[in-house]
Amino acid sequence: MPPAKYTGRKVLRKEDPRLLTGKGQFVDDMHLPNTAHMALLRSPHAHAIIRTLDASRARALDGVLEILTGPEIRDKLNMLPSAAALPDLRIPDHYVLAVNRVRYSGEPVAAVVAETPYIARDALDLIDVDYVPLPVVLDPEKALEKDSPVIYEEWKSNLAGTMQLVSGDIEAAFRKADRVVKGRLLNQRVIPVAMEPRAVQASYQPGEKMLTVWSTTQIPHTLRSEIARLLKIADNRIRVLALDVGGAFGSKLNVYPEEGLVPYLAMRLERPVKWVETRRENMLATIHGRDQINYVELALTNDGRILGLRVRVIVDVGAYLQMLTALIPTLTAIMSPGCYKMLAFSFEMKEVFTNKMATDAYRGAGRPEATFLVERAMDLAAAELKMDPAEIRRRNFIKPASFPYTTRTGLIYDSGNYDKALKKALDLAGYTQLRRKQAQLRKQGKIMGIGLATYVEICAMGPARAFAAGGGWESAAVRVEPSGKVTVLSGASPHGQGEETTFAQITADELSVPFDDVAVIHGDTQAVPHGIGTFGSRTTAVGGTAVYMSAQKVKKKMTELAAHLLEINPKNVVWRDGKIVAKTNPKKFTTFQEVVRAAYSAKNLPPGMEPGLDATSYFSPQNFTFPFGTHICVVEIDPETGEVAIVKYVAVDDCGRVINPMMVEGQVHGGIAQGIGQALYEEAVYNEDGQLLTGELMDYVVPKADQLPTYILDRTETPTTVNPLGVKGVGEAGTIGSTPAVVSAVVDALAPYGVRNLDMPLKPEKIWRILRAKTSHRGTGTQR
Amino acid sequence: MHRIKVTINGKEYEQEVEPRLLLVHFIREKARLTGTHVGCDTGNCGACTILFNGKLIKSCLTLAVQANHAQITTIEGLAANGLHPVQDAFLEKFGLQCGYCTPGMILNACYLLQSNPQPSEAEIREALEGNLCMCTGYQHIIDAIRYAAERMKQSGTVQL
C-alpha cells in the first residue's frame, strides 16, 4: 500500500462537478447529426405464435426509414449470449427479434427506424400482427408438473437446468439432530430500476469500416466482443463507449437485443441510429432479479449448534437465458452456509422456464438470496430454541483463528472476524436496552421488533478458474504524460460508483503527484487496452489493484531513471516531497518533472531502457474476497394501517481496507435502501395472463426519501491478502445485509401474534390482515 | 405545428413544434440542454424536474406548447459560473452517485430552500418524495440539503 496522503481519506469526487451541472455524457445526451431513431414493437402476449406480421402500413408512413422483423434478420445476426453455467443447462435460441413465437410480454418483435422518435413510435401502431395465444406458464413449481404446458416443446419440460452440491454426511446430520427447523422462503422477483433507462447509439464510418457504439453498459469490452459476434464483424473495427452511465445494479451487465439491432441498423443505413428505452420497456424487458423459492431445513443440537443445512431451490429464470441468468443462483449455492460452521450441507437446485422476463444479476446477485435463506433459518432456529438471535449466531460463527477457512462449499474465506462486527453492531444499536424497551412497549400494546442479520458475501469477482469462460482479471494502464500529468486507463466501467476518484487516489499516492494531476479514463475500448467491467464488487479490489500495479511499474522505471541521472544505484534513491533524492546526500536530487523530461527526450537513458513512461497491468486474483458484517433493524408497526416504520438502522460492515470512506458510506447507504425496498415494497407482479402489472413506477414501488431511515454506520477493518491493496469490495454489502435484517425485525414485532415467518414484500396490507385476524397466525416455521 | 417562444436560463428559444412534443424533449432536443433527464413516462421519478415560472414542475408531464412565453430554469442555468451553493453542498456531502437524478434533486432542493430556508429532516424527506434516487439511499442528499441551508443562512444567499 502506498503512503496515504489521499488513500483512506474523504476525497471529493472528480466525477461530481460535471454531474452536478448537467454536463454529464449519458448515451441519450449524444447528438450526432442525421441521427435516425429506433423503436421496438413488443409482444403484448406472454406466450403466442406469430401467425402473420404485416408492416406495410407502417412502411408507408412518412419518415419511416426501415422496418426489421425476426424472420428477416434471423440469419443476419447471431443469437444473444448466455453462459453455460450448469452442465445440463438448456440454452434456448435467443434471437434479437422474435422468430414466429413470443415467450414473454415485452419480447421484441419488430424494429422500426424513423426520422424522429415520435414517428418511430407512431409506426409501431401501424404494424399488424396476428398472434395465436398459447397457454401461459407462470408458477415455477407448477411448471415442473407433468401436465404443465411447456415453453420449449423440444425439451418436453420447463426445466432449464439443475445443480446439486452435497458436502459431508447430510443424512447423518439430520439423524443426529435434536431439532430440525424448516421453512419455505420466497425471494420475490424484483426489478432493478436504474434511474437511467438503457440506451444505445451507433454510428458507422464506411470508409474506415469503423463502428462506434455508445451503450449504457457495465462491460464495454465484453460488449465489443459480443457485438462483433452478433454482427459477424471483426472486434477491432468496433469501438464501444460507456461514458456516464446512470446506475445499473447488474441490469446493464448483459447483452441485449438493442445492442445488436442498433449497430446493425447504423451499418445498414449508414446513418447514426439511436434507441432510448422507455421506463415501461425497462420494467418489461430489462432483466429482473432474485425470484427463488428456497426450502430450507436446519439440523440443530439443543444448545443451538448447526449440524446440517439442507436447501432445495426452485429458480424462476423467465423465458430466455440472458448472459448470466443460469449462473446467478449458483452463487446462492456456494454462499448458503453463510458465516457458520456446519458438519454437512446439501443444495439442490432447479432452474425453471416461465413466460416472464429473464432474471439475471441484480445487486448482490445470488448472495442476497443465500444470506436471506440462512439468516431466516437462524431466526427460525432461535425462535424454536428460545435463544437470542445474536447468541445462536455467535455460537456457530467461524472463529477468527480459522481463517483462511475452507467452507462446506469449497470456497476459501480469506479473512474475517464475524463476532467483532456483531458485537460492534449490538453495542452501537444498544441491543440490550432495545430488548428492554421492547418488553415495555409490548406491555403498552405497541408493536415493535428488532431484527438482525449477519452476513458474509463473495466479492472481487474473481479468480479466472472460478468461471467456465475464464476471465475475472482487470486491466489498467498508467501513463505519465510529458507535462507530468498522469493518465490512468481502466478496463473497469464504473457507472456511479466513482472510481475516477479512487483510482486517482491510489495513483496520486503511489507516484507522489497531486490528486488533481491524475485523470482517469474508462468506458472507451479504443482508449483502454482491455477490460472486463464493473460488477460483483470487483472494481476497486481487482481494477484498483491493476491501477496500483501499473503505477508501481512506472514508479520503478522513474526510480531507475532518476538513479541514472544522479549516477547512483537505484537502491540508494528515495522519493520525498516531489523529489527523488539520494539516500545518503539529501542535496543530491532530481525532480519528478526532470525524470519525466528525461524519459521523453530519450537522450540520456540507462542502457536498455525504452523511452516513455507508461505501464499496463492485468491483475488476475487468485481468490475472491469475503466481506462481512452485521445489520440491525428496529421497526415499529402502526396497528391501524399495518405500515412498517424503520426507527433505527445500524450496519457494521467490513470491506477490508477503505480507499475513500465517504464513497464506502454511500455504497452502503444505497445498498441498504435497495434491500429495504425488497423487504418492504418491491415486487414484480404478473397477472394470470403473464401481463406485468407493475410495469411503471406508478405501480412498482421503489423506496422514497420519506420511507427510509437514517442509517447509523460503522466498520471493522480486516484486510485481505487476496490483493495488495487489502480491499474487499463494498458495492453489494448493504443489499445483502439489509433484507433479512428488516424481515427479521418485522417478524420479531409480530411474534406475539404467532408469526415466525412472512413472505416479502411486507406491505401494509399483509401485516394489517395479520393484526386484524388477531388469531395465532402460523408462519412457515416448524409448524408447517 | 405551433410556433413557441420559451426562455430557458435567460436565453430565448423560438421554434416550430408539434403540439404533442413534450417539454422535456424540447429542452433536450431543441435547446440541446441535456442536463434535464428522463427516467420514466409517468411523472414519478423526478429526473426531469425544472423550474417553470418559478414553480417546480416535471417537464415530462408538460407539453412544449404549454411553455410558450414561460421562463424556465434548468440545472445548466443555476449558476452562471462555478457551482450554486446547493450544487456545492451536494459536492461536499456527496449527495449523488451516478448523477442521473441529480439535476432534478438539486432543483427540488433549491425550490425547497427558497420557500423553507431551514427545513427539518422530515420536511426535506417529504419534499423529496417526488424525486427518486436509487444510488444514495437519500441520506447524503439530505445531508447536502441541510448543509446548503446552513451555508446559505450564514452567507445570506437564498435566491436561485
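A, B, ... follow the sequence lines: proteins, then strands. Residue 1 opens every chain. Small disclaimer: the values here were computed from a predicted structure and weren't measured.
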Return the set of residues passing side-chain hydrogen bond (donor to acceptor under 3.5 Å, both in side chains) with Asn116(B) (not counting sequence neighbours), or none when no residue passes.
-> Glu123(B)

Side chain, backbone, both or neither: which part of Glu121(B) has a non-hydrogen atom closer than 4.5 Å to chain A?
-> side chain

Given Leu96(B) and Arg13(A), is the side-chain contact (heavy atoms from CB on, under 4.5 Å) satisfied, shown in steps?
-> CA-CA 10 Å; Leu96(B) 70 161; Arg13(A) 291 204 318 177; 4.1 Å; yes

Which region of Val276(A), side chain (C-beta onward) or backbone (N, CA, C, O), has a non-hydrogen atom less than 4.5 Å from a non-hydrogen atom of chain B, or is it both or neither?
-> neither

Answer yes or no: is there a side-chain heavy-atom contact under 4.5 Å between Leu12(A) and Glu92(B)?
-> yes

Sort Ile106(B) into side chain, backbone, both or neither according to what part of it lies under 4.5 angstrom from a heavy atom of chain A.
-> side chain

Minimum heavy-atom distance Val193(A)-Met134(B), with the two atoms named | O-CG, 3.1 Å

Straight-line distance of His25(B) NE2 to Thr116(A) OG1, nearest 0.5 Å = 10.5 Å

Top contributor to chain B interface from Pro117(A), Gly498(A), Gly246(A), Gly24(A) [non-hydrogen pairs under 4.5 Å] | Gly246(A)

For chain B, which residues from residues 14-22 of chain A lie under 4.5 Å away (heavy-atom distances)?
-> Asp16(A), Pro17(A), Leu19(A), Leu20(A), Thr21(A), Gly22(A)

Tell me, do Arg279(A) and Thr42(B) make a side-chain contact under 4.5 Å, heavy atoms counted?
-> no

Say you draw a straight line from NZ of Lys704(A) to CG of Leu128(B); how long is it, rounded to the nearest 0.5 Å?
-> 12.5 Å

Side-chain contact, heavy-atom cut-off 4.5 Å: Glu696(A) with Asp41(B)?
-> yes

What are the two closest non-hydrogen atoms of Met195(A) and Cys45(B), and how far apart are they?
-> CE-CB, 3.5 Å

Does NZ belonging to Lys11(B) count more than 12 external heavy atoms closer than 6.0 Å?
-> no

Atom group of Glu196(A) that falls short of 4.5 Å from chain B, counting heavy atoms = both

Tell me, side chain or backbone of Val86(B) under 4.5 Å from chain A's heavy atoms, or both, or neither?
-> neither

Applying a strict 4.5 Å limit to non-hydrogen atoms, the region of Asp29(A) in contact with chain B is both

Are Asp122(A) and Arg20(B) side-chain neighbours, meaning at least one heavy-atom pair lies under 4.5 Å?
-> yes

Which atoms of Glu665(A) approach chain B - backbone, side chain, both or neither, heavy atom under 4.5 Å | both

Interchain contact, Pro192(A) with chain B, by part (heavy-atom threshold 4.5 Å) | backbone

Cut-off 4.5 Å, heavy atoms of chain A, and the answer for Leu33(B) is neither

Checking Pro709(A) against chain B: side chain, backbone, both or neither under 4.5 Å from a heavy atom?
-> backbone

Considering only heavy atoms and a distance below 4.5 Å, find which of Gly670(A), Ala194(A), Gly247(A) pairs most often with chain B.
-> Gly670(A)

Of all the heavy-atom pairs spanning Leu708(A) and Gly137(B), show the shortest one and how long it is.
-> CD1-O, 4.1 Å

If one checks every heavy atom of Phe26(A) against chain B at 4.5 Å, the contacting part turns out to be side chain

Where does Met663(A) contact chain B at under 4.5 Å (heavy atoms): side chain, backbone, both or neither?
-> both

What residue in Arg32(B), Gln87(B), Glu18(B) has the most heavy-atom pairs under 4.5 Å with chain A?
-> Arg32(B)

Taking every non-hydrogen atom, the tightest pair across Gly39(B) and Leu697(A) = O-CD1, 4.3 Å

What are the two closest non-hydrogen atoms of Gln97(B) and Gln667(A), and how far apart are they?
-> OE1-NE2, 3.4 Å

Region of Gln707(A) in contact with chain B, defined by heavy-atom distances below 4.5 Å = neither

Of the listed Ile142(B), Thr36(B), Leu132(B), Asp88(B), the one with the largest count of heavy-atom pairs under 4.5 Å with chain A is Leu132(B)

Point-to-point distance, once rounded to the nearest 0.5 Å, from CZ of Phe94(B) to OG1 of Thr501(A) = 8.0 Å

Looking only at heavy atoms, the pair that brings His140(B) and His669(A) closest together is NE2-CE1, 3.4 Å

Region of Asp28(A) that comes under 4.5 Å of a non-hydrogen atom in chain B | both

More than 12 heavy atoms of other groups within 6.0 Å of Glu126(B) CD | no

CD of Glu29(B) to OH of Tyr118(A), rounded to nearest 0.5 Å, is 8.5 Å

Heavy-atom pairs under 4.5 Å with chain B, option from Pro197(A), Pro494(A), Ala673(A), Gly671(A) with the top count | Pro197(A)

When the 4.5 angstrom heavy-atom criterion is applied to Leu91(B) and chain A, the contacting part is both

